[in-house]
Amino acid sequence: MTDKLTPTQIAWRAAQDIADGAYVNLGIGFPEMVARFQPPGREAIFHTENGILGFGEAPPAGQEDWDLINAGKKAVTLKPGTAFFHHADSFAMVRGGHLDVAILGAYEVAENGDLANWSTGPKGVPAVGGAMDLVHGAKRVAVITEHVTKDGKPKLVKACSLPLTGVACVTRVYTSLAVIDIEGGRFLLREKLPSLTVAALQALTGSELHLTGPVADLIVPEL
Amino acid sequence: MDKTLPSLAAAVAGIEDGMTVMIGGFGGSGAPIELIHALIDRFIATGHPKDLTVVNNNAGNGHVGLAALIEQGMVRRLICSFPRSADPVVFTERYLAGQIELELVPQGTLAERIRAGGAGIPAFYTPTSFGTDLAAGKPVEVFEGRPYVRERWLKADYALVKAHLGDRLGNLTYRMAARNFNPLMCMAARVTIAQVSRIVEPGGIDPESVITPGIFVQGVVAVPDPAQEEDLNRAKAVYPKVQA
């Protein structure tokens, strides 16, 4: 079994690319962890669909205020400068191009930037939330994900097999093995774990990885 | 002018079979639990209202509030963005058994459709959902080189919302992120009923701080210390309480 990054480490790597002053939306679940790893000296403002800009981390157990939650329905806290607003204003921020970055989870990402992350098919209950708005609103849409599924199948594919969330919307993917940009309908390999050869990474990827320059080592601290 | 109502029962008395009812809240925050439970009480006593179309972001959690309304079989159709929760069993079972219809709408589109309904805008174009299953059958138009999907307004017979302060003129404030869909739904319904934690005299809300102006509100009912869905679910509450 190849070494791979933990979800926490993937979140850390994604956090390193968030600039000072950026307005950022983090998808519910795993992407929420990105907020814990803001590099020192940089201040990002986090947006949540349900109407808060600039919220703080989770309160201690027992001190939750259930009128102060994030899109994942988890309790958050106030910070100096927090702003509240209604849902139409919240999605004006999203669709209107005011968010700098959205970081979302994925079932599949295609080499043209198509994203599938809301439905696993006709069985079960479909749920979309704000994902379809975010992918066409934020200036930069990044994905954090395991490189392959639990069954070992590639999540980076030539074309998505699951229902799409958005068309040609993802520009960077942070996986448990690599950092890959999407440009011109191609996967461009930027960083990979040093223990992994390009050939081994290619074998775990559902479409061709292109090398347009040197590939950096993906080095993440133990977290 | 006095829009205050004497009781929760009086507040929900006008809701009839087959109506479309917008219910505010995002998960439990801003959800008018007491108004929903008053509607359930009326259904248990009279068999009405039923066959409701409900508009909410979610589909309820546990066995209180919206989930309890669905559990009673009062809801024929749900328009929402995210019918999942920590305990979605009530909706999930009915949906998979074909007992409740679902119209799934992206969250921002849902908010804007409601806003448009309240603002007199019958349709608008959004980039959201282009090229996905949720845009199937909807007109697409290209503006400045980019495709947009046409979406229709959403209006309701009633809106049930939760606010913080209210006055007899219907002016409302909200508490933190409990605002969410509530101000939009106030605009989009023929009759909006707001449960408020406290009724104040006109002037008791600074005019600079009014979030929903009273023109959008037809009824205000006081519910001091309103329940939070999350607290009820942690206590494993079921509404109505089963008689031993």
Side-chain angles (χ1 to χ4, degrees), chain A residues 28 48-53 55 64-78 82-97 114-116 118-119 121-137 160 162-169, chain B residues 26-30 57-59 61 80-86 88 91-92 95-96 102 104-112 114-116 118-119 126-135 146-148 162 164 174-185 187 211-212 228-231:
Chain A
I28 67 175
T48 184
E49 289 93 317
N50 54 311
I52 318 177
L53 265 180
F55 57 91
E64 299 93 346
D65 183 326
W66 298 113
D67 286 340
L68 190 56
I69 60 173
N70 65 15
K73 321 284 193 309
K74 297 194 185 73
V76 295
T77 46
L78 293 171
T82 296
F84 296 122
F85 36 87
H86 62 59
H87 248 84
D89 280 354
S90 181
F91 280 88
M93 294 174 196
V94 172
R95 268 187 258 94
D114 286 359
L115 172 66
W118 71 280
S119 169
K123 288 179 190 165
V125 179
V128 65
M132 284 190 185
D133 304 277
L134 285 164
V135 296
H136 289 303
C160 293
L162 293 169
L164 293 186
T165 307
V167 176
C169 51
Chain B
F26 180 89
S29 66
N57 186 62
N58 302 99
N61 188 9
C80 81
S81 91
F82 201 79
R84 288 188 204 144
S85 66
F91 174 79
T92 301
Y95 176 73
L96 295 178
L102 171 67
L104 193 72
V105 182
Q107 196 172 130
T109 299
L110 182 64
E112 194 63 16
I114 297 167
R115 199 198 71 81
T126 174
T128 302
S129 89
F130 173 75
T132 76
D133 295 350
L134 297 189
R146 199 174 160 194
Y148 292 81
K162 180 184 187 180
H164 182 49
Y174 302 88
R175 194 169 170 274
M176 300 198 278
R179 187 179 308 187
N180 56 63
F181 285 91
N182 283 306
L184 309 174
M185 290 180 171
M187 299 165 61
I211 305 299
T212 292
Q228 286 283 12
E229 184 182 272
E230 185 70 27
D231 291 330

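Just so it is clear: chains get the letters A, B, ... in the order the sequence lines come, proteins before strands, and each one is counted from 1.
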Donor-acceptor list for residues 88-95 of chain A side chains, cut-off 3.5 Å, not counting sequence neighbours:
residue	atom	partner	partner atom	Å
S90(A)	OG	H47(A)	NE2	3.1
S90(A)	OG	E49(A)	O	2.7
R95(A)	NH2	G108(B)	O	2.8

Between CZ on residue F55(A) and OG1 on residue T77(A), distance to nearest 0.5 Å:
9.0 Å
Considering only heavy atoms, which portion of T165(A) lies under 4.5 Å from any heavy atom of chain B: side chain, backbone, both, or neither?
backbone
For I28(A), is it the side chain, the backbone, both or neither that has a heavy atom under 4.5 Å from a heavy atom of chain B?
side chain
Residues that E229(B) engages under salt bridge (Lys or Arg N to Asp or Glu O under 4.0 Å), provided they are two or more places apart:
none
Shorter than 4.5 Å, heavy atoms on both sides: which option in P106(B), A86(B), A178(B) has the most such pairs with chain A?
P106(B)
Evaluation steps, side chain to side chain contact (heavy atoms under 4.5 Å, CB included), between L110(B) and F181(B):
CA-CA 9 Å; L110(B) 182 64; F181(B) 285 91; 4.0 Å; yes
Rounded to the nearest 0.5 Å, the NE2 atom of H164(B) sits from the CZ atom of R179(B) at a distance of 12.0 Å
Quick one: of V76(A), D133(A), D114(A), who has the most non-hydrogen atom pairs under 4.5 Å with chain B?
D133(A)
Do the ring centers of F26(B) and H87(A) come within less than 6.0 Å of each other?
yes
Would you say the side chain of Y95(B) lies within less than 4.5 Å of the side chain of P126(A), judging by non-hydrogen atoms?
yes
What part of N182(B) gets closer than 4.5 Å to chain A, counting heavy atoms only: side chain, backbone, both or neither?
neither
Mind ranking T132(B), L96(B), T92(B) by heavy-atom pairs under 4.5 Å with chain A and telling me who comes out on top?
T132(B)
Answer with side chain, backbone, both or neither: which region of P83(B) has an atom nearer than 4.5 Å to a non-hydrogen atom of chain A?
both
Quick check on R175(B) against chain A: is it the side chain, the backbone, both or neither that has a heavy atom closer than 4.5 Å?
both
Using modelled atom types and a 3.5 Å cut-off, is there a donor and acceptor pairing between side-chain atoms of T48(A) and backbone atoms of A71(A)?
yes
Straight-line distance of L134(B) CG to L104(B) CG, nearest 0.5 Å:
5.5 Å
Options V167(A), N50(A), L134(A), ranked by heavy-atom pairs under 4.5 Å with chain B, top entry
N50(A)
Side chain, backbone, both or neither: which part of Y174(B) has a non-hydrogen atom closer than 4.5 Å to chain A?
neither
Quick check on the interface: out of S119(A), G130(A), A131(A), G51(A), who has the most heavy-atom pairs with chain B under 4.5 Å?
G130(A)
Interface moiety of S85(B) toward chain A, non-hydrogen atoms closer than 4.5 Å:
neither
What residue, out of D65(A), L164(A), V128(A), D67(A), has the most heavy-atom pairs lying under 4.5 Å from chain B?
D67(A)
